[in-house]
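Just so you know, residue 1 is the first one in the sequence shown, and it goes up from there. Because the structure is predicted, anything quoted here is derived from the model rather than measured. Values below: every heavy atom of this structure, side chains too, minus hydrogens, waters and symmetry copies.
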Amino acid sequence: MKQLESNLLERLSKERSPNSISIYMPTPKENPESKENKNRINLKNKIKLARQQLKEQGLQEDSIEEYLKPLNDIVDDALFLRNLWEGLVIFLNQNIFEYYTLPLDFKDFMYMGEDFYLLPLLRPVKENKEFYILSLNLHGVKLYKSDRFNISEVEVEEFIPEKLEEAVGFDHYKDKVYQHRSAKVGDGRTFFHGHAKGEEEKKEEELKFLRYVDQGLQNILNNEDKPLIVASVDYIFGLFKEVTDYKHLKEENISESPKEESINGLQQKAWELIQKELDKEKEQIVQKYID
């Protein structure tokens with residue numbers, strides 16, 4: 001699947017050709033089999049409508065079928081239709097056939113004319129913004145560069161330890177786990193060896209690990225001014241805020257274990273935080289003129 005390029009609208013707006021087809025399809029949030037059937041039926045209906053309009057313009061049947069073949073190929077792609085979780089946008093004319101999956105809520109329709117119909121994409125593309133997502137827990141760190149439509153993983157192994165054990169030393173980590181294990185007393189209650197001291201040492205180890213993470217981030221994001229959104233449980237995020245020097249860290253995190261979320265899920269939740277900030281900025285501008 002192609003990524004949505006920043007110059008998409010400019011490029012497509014220059015394409016003028018008879019019978020340019022623009023298709024916008026929201027996709028159902030259902031089980032894969034039901035999703036596949038509904039997406040196939042929906043796209044077939046769009047093709048049927050396009051075929052009828054081409055007939056009315058006097059095109060021959062074989063020319064119509066050849067022209068619409070790229071759309072029919074998608075209809076036959078069961079795996080694609082089954083795994084289509086976001087909205088689908090298709091552009092087809094004599095020179096171009098492109099399709100994109102977009103996390104947008106747009107109306108379901110097909111348009112045919114001299115130009116591609118781009119209005120539903122104007123505001124989303126114009127307001128698009130790049131940012132970073134740090135997927136952070138004590139047993140796995142990943143960094144993603146993202147915007148509203150695209151996301152890709154940034155290689156961090158050279159700069160950032162993947163796990164807490166790598167930062168404090170595995171043998172040291174194993175010894176601490178052993179030393180602070182729980183034990184049973186006679187009445188069935190549980191006590192912890194060196195509980196208070198152990199908690200302090202545990203926090204220091206976590207802070208040490210997060211300092212390594214932050215140092216690696218500074219090397220990777222040197223001179224960057226893009227927002228950084230952290231996906232982690234609140235406790236780890238609180239510690240990370242204590243140690244990080246990155247000036248564009250967002251105050252609100254994706255408050256959950258990142259292991260429980262897909263990469264696209266992280267992207268969507270991160271964008272919701274960015275969108276909230278953009279909406280707030282707009283409100284402030286409007287309020288300034290009202291006052």
Task: Qualifying residue for side chain to side chain contact (heavy atoms under 4.5 Å, CB included) with Asp214, from Leu249, Asp245, Asn219, Leu134 - done: Asp245
Task: Nearest heavy-atom neighbours spanning Pro70 and Leu92 - done: CG-CD1, 4.2 Å
Open item on the list: Let me confirm one number: the CG-CZ distance from Asp73 to Phe97, rounded to the nearest 0.5 Å.
Closed with: 7.5 Å
Task: Pair Glu33, Asn37: side-chain N/O donor-acceptor within cut-off below 3.5 Å - done: no
- [ ] Could you tell me the separation between the CG atom of Leu71 and the CD1 atom of Ile23, rounded to the nearest 0.5 Å?
- [x] 5.0 Å
Open item on the list: Determine whether Ile254 and Leu273 satisfy the following criterion, side chain to side chain contact (heavy atoms under 4.5 Å, CB included), listing intermediate values before the conclusion.
Closed with: CA-CA 9 Å; Ile254 301 174; Leu273 297 180; 4.2 Å; yes
Open item on the list: With side-chain hydrogen bond (donor to acceptor under 3.5 Å, both in side chains) as the test, pick out the partner of Asp108 among Asn45, Thr27, Asn42.
Closed with: Asn42
Open item on the list: Using side chain to side chain contact (heavy atoms under 4.5 Å, CB included), reason through Ile133 and Phe131 one step at a time and then give a plain yes or no.
Closed with: CA-CA 7 Å; Ile133 304 171; Phe131 54 92; 3.7 Å; yes
- [ ] Please indicate whether Glu66 has more than 12 foreign heavy atoms, meaning atoms of other residues, nucleotides or ligands, lying under 6.0 Å from its CD.
- [x] no
Open item on the list: I'd like to know if the side chain of Ser232 pairs up with that of Asn137 as donor and acceptor (distance under 3.5 Å, no hydrogens or angles considered).
Closed with: no
Open item on the list: Working to the nearest 0.5 angstrom, can you tell me the gap between Asp225 CG and Lys247 NZ?
Closed with: 11.0 Å
Task: Path from Tyr235 to Phe237 over hydrophobic side-chain contacts below 4.5 Å - done: yes
Task: Arg211 CZ to Glu242 CD distance, which is reported to the nearest 0.5 Å - done: 8.5 Å
Task: Gap separating the NZ atom of Lys69 from the CD1 atom of Ile47, nearest 0.5 angstrom - done: 11.5 Å
Open item on the list: If we count only N and O atoms by modelled type, under 3.5 Å, do the side chains of Glu224 and Tyr246 hold a donor and an acceptor together?
Closed with: no
Task: Test: Lys269 and Glu261 ion pair at under 4.0 Å - done: yes
- [ ] Might you confirm whether atom CD of Glu158 has over 12 heavy atoms from other residues, nucleotides or ligands at distances under 6.0 Å?
- [x] no
Open item on the list: Below 30° counts as parallel, above 60° as perpendicular, anything between as tilted: where do the rings of Tyr24 and Phe109 land?
Closed with: parallel
Open item on the list: I'd like to know if the side chain of Asn19 pairs up with that of Asn93 as donor and acceptor (distance under 3.5 Å, no hydrogens or angles considered).
Closed with: no
TODO: Please find out if less than 6.0 Å separates the ring center of Tyr99 from that of Phe80.
DONE: yes
Open item on the list: Return the CG to CE distance between Leu43 and Met110, rounded to the nearest 0.5 Å.
Closed with: 11.0 Å
TODO: Write down the atom of Glu61, the atom of Lys55, and the distance for their closest heavy-atom approach.
DONE: OE1-CE, 3.2 Å
TODO: Compare every heavy atom of Phe116 with every heavy atom of Ile21, then report the nearest pair and how far apart it is.
DONE: O-CE2, 3.5 Å
Task: Test: Arg11 and Glu98 ion pair at under 4.0 Å - done: yes
- [ ] Would you mind checking if Glu153 and Lys145 are paired as a salt bridge, meaning a charged N to carboxylate O distance below 4.0 Å?
- [x] no
TODO: Output yes when Arg16 and Glu114 qualify as a salt bridge under the 4.0 Å nitrogen-oxygen rule, no when they do not.
DONE: no
Open item on the list: Does atom CG (Asn31) have a neighbourhood of more than 12 heavy atoms from anything else shown, all under 6.0 Å?
Closed with: yes
Open item on the list: Salt bridge check, Glu10 against Lys14: does any charged N sit closer than 4.0 Å to a carboxylate O?
Closed with: yes
Open item on the list: If the threshold is 4.0 Å, N to carboxylate O, is there a salt bridge linking Lys203 and Glu199?
Closed with: no
Open item on the list: Looking only at side-chain N and O atoms, does Glu65 offer a donor or acceptor that is under 3.5 Å from a partner on Tyr67?
Closed with: no
